[in-house]
Amino acid sequence: MISGRKAVSSHHRIVIKIGSALLVDRRSGLKSAWLEAICADIAALRAKGTDVLVVSSGAIALGRTVLDLPPGALKLEASQAAAAVGQIALARAWAESLSRQDIVAGQILLTLGDTEERRRYLNARATINQLLKIGAVPIINENDTVATSEIRYGDNDRLAARVATMAGADLLILLSDIDGLYTAPPHLDPQAKFLNEIAAITPEIEAMAGGAASELSRGGMRTKIDAGKIATAAGCAMIIASGKVDHPLRAIETGARSSWFAPSASPVTARKTWIAGQLQASGELYVDAGAQKALGAGKSLLPAGVRKVLGHFHRGDTVAIIGIDGREVARGLASYDAEEARQIAGRRSGEIEALLGYAGRAAMVHRDDMVVSGAVHAGQEHEDREEDAAHA
Ligand code: GLU
């Protein structure tokens, strides 16, 4: 296989996601020596001209040790309080360790809406860019003190992927206690083989990740593969590597085993990156074979090709487009509310006015508002006015 894998330090902008267990020991608290070592790795990367952003977990875990909470699942208020206590300690530890490398840290706490709502997304992105411009290292986490179970990322793998696409990073590194992707979960299957390079995240690759992570186990391979889909579609490579060594970034550089996911060769434009990475679709449009083919050829989704409409959504909300085999084939912004979509599904565009009482858009999802999974076509799109407004 011809590999496009490059040295970590030859990337322009890297997001490093660090799992809680690497930073926090249940009994002794923060693993300061490990933190010192990774800060030295970060300094070495920056000395070579690479921008670094850190997505650091550990707020809840650290808060638990500071508050001496017993092991076991925490109630929502308890985990929010633990996060409040832990986050302040976590941020301080990062700021102090980085300052010993003459690096300034800047804390960013994100909630789901900051990446899912376009205007807030553009705002958060501007802050991240400004921090990098002034030479600071953003230390990012979910704002767990206000996140509730319905309104949260829940895992920092996908959060890190959203940050990577938001920051225009070309590499995302997920550091945890697993060194990469295996053909099956290695603790369940001794025959499982390690995969060094993954050219594309196919349904077979997804199946290797095992079932969905449970409510309690955040992260796991499932969310790492989800993160890979978000990152690679935006042209950002991803590495899953073990963080259970001192100097884990240096270890990757010097050949420690890790799984590398190739970036998509035809990354989608900024706006489409945002659409593709939307974590929750509000509805589903089931399409027929003809429409599915047309989408693959870069066409818009017309009402005629829609067989069924599920969910409650408004015009402009994200909907998943489901193909004939029941798999998601594309994702896009609906041109119609769900109720209207139901009325015009299966009908010709010329009938829209008679059915709805006004002449709406001919497409149910316009090609400019859509990202086709897998074979993404890099269509030219017009300048994004919202984007300009946010920078004004
Ligand atoms: N945001 C959580 C924390 O800092 C961690 C989420 C995760 O481990 O993925 O405690």
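First listed ligand is number 1; within each ligand, the first listed atom is number 1. Here, residue 1 is the first one in the sequence, and each next residue gets the next number.
Note: an N/O pair closer than 3.5 Å links N156 and ligand 1 by distance alone. Polar contact check, D155 against ligand 1: no nitrogen or oxygen pair lies under 3.5 Å apart. When only interatomic distances are considered, the shortest N/O to N/O separation between D157 and ligand 1 does not fall below 3.5 Å. Inclusion of A59 in the set of residues having an N or O under 3.5 Å from an N or O of ligand 1 is warranted.
Q101 contributes no side-chain N or O that, together with a main-chain N or O of I42, makes up a donor-acceptor pair within less than 3.5 Å.
Residue I60 approaches ligand 1 through these ligand atoms, each under 4.0 Å from one of its heavy atoms: 3 (C), 10 (O).
Using a 30° and 60° split on the angle between ring planes, Y358 and Y336 fall in the tilted class, from 30° to 60°.
How far CE of M238 is from OG1 of T232: 7.5 Å, rounded to the nearest 0.5 Å. For the atom pair CD (Q280) and CG (L112), the distance works out to 5.5 Å, reported to the nearest 0.5 Å.
At least one heavy atom of G58 sits closer than 4.0 Å to an atom of ligand 1.
Note on R342 versus E339: salt bridge recorded, some NZ/NE/NH1/NH2 to OD/OE distance being below 4.0 Å. Note on E206 versus K229: salt bridge recorded, some NZ/NE/NH1/NH2 to OD/OE distance being below 4.0 Å.
In N141, the part holding a heavy atom less than 4.0 Å from any atom of ligand 1 is the side chain.
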